[in-house]
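Indexing begins at 1, ligand by ligand and atom by atom, following the structure's order. Residues take their numbers from the sequence shown, with the count starting at 1.
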Amino acid sequence: MTVRVPLPARGDAAYRVVIGAGALAGLPTLLRDDCPAAAYAVIADDTVAPLYGTPLIQRLAAAGMPARLYPFPAGEARKTRATWARLTDALLADGCGRDSAIVAVGGGVSGDLGGFIAATLHRGIPVVQVPTSTVAMLDAAVGGKTGVDTVAGKNLVGAFHPPRLVVADLDTLRTLPTPAFVAGLAEAVKHGAIADAAYFAYLARHATDILARDPAP
Ligand SMILES: NC(=O)c1ccc[n+]([C@@H]2O[C@H](COP(=O)([O-])OP(=O)(O)OC[C@H]3O[C@@H](n4cnc5c(N)ncnc54)[C@H](O)[C@@H]3O)[C@@H](O)[C@H]2O)c1
């Protein structure tokens, strides 16, 4: 399934949200079409990096697309300016230029951090969001809010930087720990309760299949 998200501030521009089991297999083609770049920097935490970051680098290499993995320690406590500084220093040391793009792979922390790196590096380079948690798929990866936490509070330093593309592979949810899987579903219930009665009813009708992580209830 593909959803087009319009960007009204930019005329008739829009980005695609591609959703499906196995969608990551098509990522090289999707990147070529929607976010061509000289090189791709994959930002992922150290839990998600071996699960989905390394396979993604291999898939891009096989397609002849230069890519490098930039892992950081998992957890909200690392969504900081210190992590941003370390990763941006590493990207610049590797010669990541204005013709590069960021691919943020993981939960909302990777998405917010990767997006903020993209918003600020060289005053802004493209970002592609590859959400792997329910929170990230249902909320964080879409809309363009990026940023990091400070001692004064969450998300207090950041920027609006919409993605060029979002690819949500439902198969990645199979490895998400159950507490995180269930916590993110609260977002879906909230969306239904606020804005879409039919969607809310669908969630109620298929609750058992959704909780069993059936990608096509
Ligand atoms: N930008 C936005 O609009 C927006 C919206 C909502 C939330 N957020 C942000 O999102 C963050 C929370 O997101 P989150 O709950 O995804 O946290 P998270 O990114 O820390 O992910 C939760 C944990 O699950 C692991 N994980 C993620 N995907 C996995 C997978 N497929 N398999 C195995 N492990 C996996 C991560 O390594 C991490 O340990 C917060 O920082 C919040 O501020 C941003």
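- Nearest protein neighbour of atom 10 (O) of ligand 1, counting heavy atoms only, is G108 CA, 3.2 Å.
- At least one protein heavy atom sits closer than 4.0 Å to atom 27 (C) of ligand 1.
- Under a 4.0 Å heavy-atom criterion, A183 is not in contact with ligand 1.
- Closest to atom 16 (O) of ligand 1, if we only count protein heavy atoms, is S133 OG, 2.6 Å.
- For atom 19 (O) of ligand 1, the choice among D169, V109, V135 with the nearest heavy atom turns out to be V109.
- Residues D94 and Y70 have side chains that bring a donor and an acceptor to within less than 3.5 angstrom of each other.
- With distances taken over non-hydrogen atoms, the option nearest atom 1 (N) of ligand 1 out of D139, N155, D46, D112 is D112.
- Of the protein's non-hydrogen atoms, L176 CD1, 3.8 Å is the one closest to atom 24 (O) of ligand 1.
- Between S110 and ligand 1, not a single N/O pair is under 3.5 Å apart.
- Proximity of T134 to ligand 1, defined as any heavy-atom pair under 4.0 Å, is not found for any part of the residue.
- A heavy-atom distance below 4.5 Å is not found between the side chains of T83 and V148.
- For the side-chain contact (heavy atoms from CB on, under 4.5 Å) with Y15, the lone residue among D34, V3, V142, L165 that qualifies is V142.
- Annotation for F200: atom CZ does not count as buried by contact number, only 12 or fewer foreign heavy atoms lying within 6.0 Å.
- Distances from atom 37 (O) of ligand 1 to the heavy atoms of D171, T146, D45 put D45 nearest.
- With respect to D45 and R78, no salt bridge is recorded, no charged nitrogen being found less than 4.0 Å from a carboxylate O.
- Protein heavy atom in closest approach to atom 2 (C) of ligand 1: A140 CA, 3.5 Å.
- Counting atoms of ligand 1 from 1 in the listed order, those under 4.0 Å from a heavy atom of T172 are 30 (C), 31 (N).
- Pairing each heavy atom of G22 with each of D169, the nearest pair is N-OD1, 2.7 Å.
- For D46, there are no salt bridge (charged side-chain N to carboxylate O under 4.0 Å, His left out) partners two or more places apart in sequence or in a different chain.
- With a 4.0 Å heavy-atom cut-off, ligand 1 is reached by no atom of A180.
- Distance from atom 39 (O) of ligand 1 to its nearest protein heavy atom, with residue and atom name: A74 CB, 4.1 Å.
- The closest protein non-hydrogen atom to atom 21 (O) of ligand 1 is G107 CA, 4.1 Å.
- Contact check on K145 versus D112 returns no salt bridge, with no Lys/Arg side-chain nitrogen under 4.0 Å from an Asp/Glu carboxylate oxygen.
- Residue contacts with ligand 1 for K79 involve side-chain atoms from C-beta outward but no N, CA, C or O (heavy atoms, distance under 4.0 Å).
- Remark: among candidates K154, K145, E76, E187, the nearest residue to atom 43 (O) of ligand 1 is K154, based on non-hydrogen atoms.
- Environment of CZ in R59: crowded, with over 12 heavy atoms of neighbouring residues, nucleotides or ligands closer than 6.0 Å.
- In this structure, atom 30 (C) of ligand 1 lies nearest to the protein heavy atom T175 OG1, 3.5 Å.
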